[in-house]
2 protein chains.
Amino acid sequence: MHQKKAQNSEIDNLDIQILSILMKNATTPYTEIAKELIVSGGTIHVRMKKLEDLGIIKGANLEINPQKLGYDVCAFLGIFLEKGSQYNNAVKQLKTVNEIVELHYTTGSWSIFAKIICRDTTHLREILNEQIQSVEGIQRTETFISLEESIKRQITLD
Amino acid sequence: MHQKKAQNSEIDNLDIQILSILMKNATTPYTEIAKELIVSGGTIHVRMKKLEDLGIIKGANLEINPQKLGYDVCAFLGIFLEKGSQYNNAVKQLKTVNEIVELHYTTGSWSIFAKIICRDTTHLREILNEQIQSVEGIQRTETFISLEESIKRQITLD
DNA sequence: GTTGAAAAGTGCTGCGA
DNA sequence: TCGCAGCACTTTTCAAC
């Protein structure tokens, strides 16, 4: 067993096992987790409260299939800023674009890297032209369309 | 039961409203959703079952904070293949790399685009050298490290 | 398809070890 | 600190509309 780093000193093996089970299926009942790990339901409850208080668990998300709701196009955008200092302001404006689901400040060619989900290529072009390239500080963008999402999962805990 | 066409024909406004509420907070009780939308709890249950059967809801995920568990580095990889035909085989091997949380087949410079979460830069280099660049068919990779994740959310339904 | 209420199962709290 | 047991709440089912 490896030693835990500073921030995880309060987390033991049981916590990790609970997280592992819930990360596979967030709707697993506490009683079933308790049975599997051979502890009481109350213990699971206490541990979950601790994990939430520590900010390790941020909440639960419904995993949906955007394609079945008519959102067929997933794309990645590399965004060039005129000046790096415009990052905060650009992000503030990009937050209003609902189709952007992920946005990172990255090393490398671009300043901003974003993931975007939209209905079709027409919708994508509209968003690029009307909502993204008009943001102050954005110089130009490069677009990569995802033709297939082959992996989509969470990290595995040791 | 076996219709596979026009994605939204079976989905009405009530379904969308239920999804919208649950996408904000997946732990919202059915009774509360029912109260908010002024229908009975049983109806919510029937609709949820329908949405699951249609594959629109794929499940629920626990949203965790990887940084608090010692996973501090998030990076994106552009992967060049020697030949595009090696995609399926490369994906099969990359699936065994647990640190890869997302993988896409994309247009543009690269054949494969991946998102990877690991403990630190040493861990990242190990994965790149030992597990990714040794995969058959992979020519070379380009790495972008995310210094900050400013947006992380789901699509908003109309 | 929807409703309302009963039945079954789960989450929460306090007491005891 | 952990486990057990009782209470409150939620999910699920089903007859009736």
Side-chain angles (χ1 to χ4, degrees), chain A residues 1-65 68-70 154 157, chain B residues 1-65 68-69 154 157-158:
Chain A
M1 289 286 172
H2 282 279
Q3 289 278 332
K4 298 288 176 195
K5 287 271 165 94
Q7 63 237 48
N8 320 3
S9 49
E10 308 103 337
I11 299 171
D12 67 9
N13 214 21
L14 182 59
D15 296 316
I16 299 292
Q17 287 182 293
I18 294 170
L19 283 175
S20 293
I21 291 170
L22 283 170
M23 276 163 65
K24 283 182 206 122
N25 176 14
T27 59
T28 314
Y30 285 9
T31 49
E32 199 177 308
I33 303 172
K35 205 170 60 186
E36 196 167 329
L37 301 179
I38 318 176
V39 291
S40 78
T43 303
I44 305 293
H45 183 253
V46 171
R47 298 306 186 101
M48 286 296 287
K49 177 129 184 38
K50 186 184 75 177
L51 291 168
E52 278 165 25
D53 289 346
L54 288 171
I56 290 169
I57 294 175
K58 288 194 283 185
N61 274 345
L62 204 65
E63 193 188 347
I64 63 148
N65 192 338
K68 301 224 175 184
L69 288 171
Q154 286 188 286
L157 302 176
Chain B
M1 285 294 187
H2 299 284
Q3 291 146 344
K4 158 187 184 181
K5 50 171 301 196
Q7 47 275 51
N8 318 5
S9 46
E10 306 101 340
I11 298 169
D12 66 10
N13 213 24
L14 181 60
D15 296 316
I16 298 292
Q17 286 181 294
I18 294 169
L19 283 174
S20 292
I21 291 170
L22 284 169
M23 276 163 66
K24 282 183 207 125
N25 176 13
T27 60
T28 313
Y30 286 9
T31 49
E32 201 176 307
I33 303 172
K35 205 171 59 185
E36 196 168 328
L37 301 180
I38 317 176
V39 291
S40 78
T43 301
I44 305 293
H45 184 254
V46 171
R47 297 304 188 103
M48 285 297 286
K49 176 125 185 40
K50 184 184 78 178
L51 291 169
E52 279 164 23
D53 289 345
L54 287 172
I56 290 169
I57 295 175
K58 287 194 283 185
N61 275 344
L62 204 65
E63 194 187 347
I64 63 148
N65 193 338
K68 300 225 174 182
L69 287 170
Q154 287 188 288
L157 301 177
D158 307 325

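Everything numeric in this text was worked out from a predicted model, so none of it was measured. Just so we're on the same page: letters track the sequence lines, and every chain starts at 1.
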Atom [atom1] of [X] to atom [atom2] of [N]: distance rounded to whole Å?
| X | N | atom1 | atom2 | answer |
| --- | --- | --- | --- | --- |
| A:Lys50 | D:dC2 | NZ | P | 8 Å |
| B:Glu32 | C:dG11 | CD | C1' | 16 Å |
| A:Lys35 | D:dC4 | NZ | C1' | 17 Å |
| A:Ile33 | C:dG9 | CD1 | P | 18 Å |
| B:Ile11 | C:dG1 | CD1 | P | 13 Å |
| B:Asn13 | C:dT2 | CG | P | 13 Å |
| B:Met48 | D:dT10 | CE | P | 16 Å |
| A:Ile38 | D:dC2 | CD1 | P | 16 Å |

TODO: Please say whether more than 12 non-hydrogen atoms of neighbouring residues, nucleotides or ligands are located less than 6.0 Å from NZ in A:Lys35.
DONE: no

- [ ] Kindly give the heavy-atom pair with the smallest separation between B:Gly55 and A:Asn65, and that separation in Å.
- [x] O-CB, 3.4 Å

Task: Touch class at under 4.0 angstrom, heavy-atom based, for A:Val46 against every strand present - done: nothing

Hey, could you give me the [atom1]/[atom2] distance between [X] and [Y], rounded to the nearest 0.5 Å?
| X | Y | atom1 | atom2 | value |
| --- | --- | --- | --- | --- |
| A:Leu69 | B:Ile56 | CG | CD1 | 5.0 Å |
| A:Lys49 | A:Asp53 | NZ | CG | 3.5 Å |
| A:Arg47 | A:Leu19 | CZ | CG | 11.0 Å |
| A:Met23 | B:Glu63 | CE | CD | 11.5 Å |

Task: Nearest-nucleotide pick for B:Pro29, side chain only, options being D:dT11, C:dG11, D:dC4 - done: D:dT11

Got a list of protein N/O to nucleotides 12-15 of chain C N/O distances below 3.5 Å?
residue: C:dC12; atom: OP2; partner: A:His45; partner atom: NE2; Å: 3.1
residue: C:dC12; atom: O5'; partner: A:His45; partner atom: NE2; Å: 3.4

Test your reading of the model: is there a side-chain donor-acceptor pair from [X] to the backbone of [Y], 3.5 Å cut-off?
| X | Y | result |
| --- | --- | --- |
| A:Thr43 | A:Val39 | no |
| B:Asp15 | B:Ile18 | no |
| B:Asn25 | B:Leu22 | no |

Open item on the list: Looking at B:Arg47, I'd like to know whether one of its side-chain N or O atoms comes within less than 4.0 Å of OP1 or OP2 on C:dT2.
Closed with: yes

- [ ] Report yes if a side-chain nitrogen or oxygen of B:Thr43 is closer than 4.0 Å to either non-bridging phosphate oxygen (OP1 or OP2) of C:dT3; otherwise report no.
- [x] yes

With the criterion being N/O to N/O and under 3.5 Å, what pairs connect the protein with nucleotides 6-8 of chain D, and how long is each?
none

